[in-house]
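Below you'll find the structure, written out as structure tokens, and then a few comments.
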Amino acid sequence: MKDKKIIVVGGGASGLMAAIGAAQTARENKENIKVTICERMNRVGKKILATGNGRCNYTNRNVSPKHYFGEHPAFTKPALEFFDFDAAINFFLRLGVFPKEEAEGRMYPYSE
């Protein structure tokens with residue numbers, strides 16, 4: 001049987017999450033799938049490193065549509081219901097990223 005391949009275009013936060021999710025699903029289903037990320041910048045996740053003054057603020061305990069700006073903040077509601085704060089923390093814990101909570105519910109990797 002020929003190996004399957006998944007190409008993820010873009011190595012930002014969403015692309016990295018998609019690639020990790022695809023690889024985890026393949027492993028859970030015992031499928032031999034190679035996941036490749038294509039990124040135009042010199043490294044993946046570059047903008048993530050800039051969040052939280054360079055400490056990678058990766059979620060917030062107080063996440064809700066009212067904290068999003070724009071014409072339609074309610075647009076975020078279905079995504080936040082599907083992947084809420086607990087889901088985000090559990091996702092990162094499975095990757096070995098332990099949380100450190102700071103002011104106003106900001107979550108950083110414990111390692112800083």
Side-chain angles (χ1 to χ4, degrees):
M1 180 177 190
K2 195 172 187 178
D3 291 345
K4 295 179 183 178
K5 297 177 184 176
I6 294 175
I7 305 289
V8 177
V9 179
S14 296
L16 291 171
M17 293 275 298
I20 290 167
Q24 287 176 337
T25 300
R27 185 174 53 242
E28 290 166 5
N29 294 329
K30 296 180 174 48
E31 295 178 285
N32 190 19
I33 296 176
K34 180 179 180 182
V35 179
T36 303
I37 299 172
C38 296
E39 171 57 48
R40 70 180 173 95
M41 301 298 283
N42 61 349
R43 64 190 295 185
V44 298
K46 192 170 185 175
K47 288 184 182 178
I48 299 167
L49 295 173
T51 63
N53 291 322
R55 295 186 304 139
C56 299
N57 174 214
Y58 64 91
T59 193
N60 191 299
R61 180 173 296 282
N62 305 310
V63 66
S64 79
K66 70 180 183 178
H67 295 115
Y68 287 81
F69 300 100
E71 292 181 33
H72 307 288
F75 174 79
T76 62
K77 187 176 179 184
L80 296 176
E81 287 174 351
F82 180 79
F83 196 78
D84 62 7
F85 173 78
D86 291 329
I89 292 298
N90 288 327
F91 174 83
F92 286 102
L93 283 172
R94 285 192 306 273
L95 296 175
V97 179
F98 295 91
K100 177 181 179 185
E101 185 169 353
E102 293 192 6
E104 299 177 6
R106 290 185 207 100
M107 305 302 284
Y108 298 90
Y110 190 79
S111 65
E112 292 195 14

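Quick note: numbers below take in every heavy atom, side chains included, and nothing from hydrogens, waters or symmetry partners. The first residue in the sequence is number 1, and the count goes up from there.
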Donor-acceptor pair, side chain of Glu31 and main chain of Ala26, under 3.5 angstrom: no
Closest heavy-atom pair and its distance - Pro99, Leu93: CD-CD2, 3.8 Å
Arg43 vs Leu49, side chain to side chain contact (heavy atoms under 4.5 Å, CB included): CA-CA, chis, key distance, verdict: CA-CA 11 Å; Arg43 64 190 295 185; Leu49 295 173; 3.4 Å; yes
Heavy atoms of other groups near Asn53 CG, more than 12 under 6.0 Å: no
Which donor-acceptor pairs under 3.5 Å do side chains of residues 71-82 form with protein atoms, sequence neighbours excluded?
| from | atom 1 | to | atom 2 | distance (Å) |
| --- | --- | --- | --- | --- |
| Thr76 | OG1 | Pro73 | O | 2.8 |

Joint cluster assignment, Val9 & Met41, ILVMFWY side-chain distance < 4.5 Å: no
In one Ile/Leu/Val/Met/Phe/Trp/Tyr side-chain cluster, 4.5 Å: Met17, Ile89: yes
Aromatic plane relationship, Tyr58 with Phe92 - under 30° parallel, 30 to 60° tilted, over 60° perpendicular: tilted
Heavy-atom side-chain proximity of Asn60 to Phe85 below 4.5 angstrom: no
Pairing of Glu102 and Arg55 as salt bridge, 4.0 angstrom limit: yes
Backbone N/O of Ile7 and side chain of Thr36: donor-acceptor pair under 3.5 Å: no
Within 6.0 angstrom of Glu104 CD, more than 12 heavy atoms from elsewhere: no
Distance in Å, Tyr108 OH paired with Thr59 OG1, rounded so as to fall on 0.5 Å steps: 11.5 Å
Arg94, CZ atom: more than 12 neighbouring heavy atoms under 6.0 Å: yes
Atom pair CD1/CD1 of Ile20 and Ile37 - distance to nearest 0.5 Å: 7.0 Å
Arg61 and Glu101 ion-paired at < 4.0 Å: yes
Working for side chain to side chain contact (heavy atoms under 4.5 Å, CB included), residues Asp84 and Val63: CA-CA 8 Å; Asp84 62 7; Val63 66; 5.8 Å; no
Main-chain N/O of Met107 paired with Asn57 side-chain donor or acceptor, under 3.5 Å: yes
4.5 Å side-chain heavy-atom contact, Ile6 and Lys34: no
Heavy-atom closest pair, residues Ile48 and Gly12: CD1-C, 4.4 Å
Least distance between heavy atoms, Cys56 atom then Pro109 atom: O-CD, 3.2 Å
Minimum-distance pair of heavy atoms, taken over all atoms of Ala22 and Val35: CB-CG2, 4.1 Å
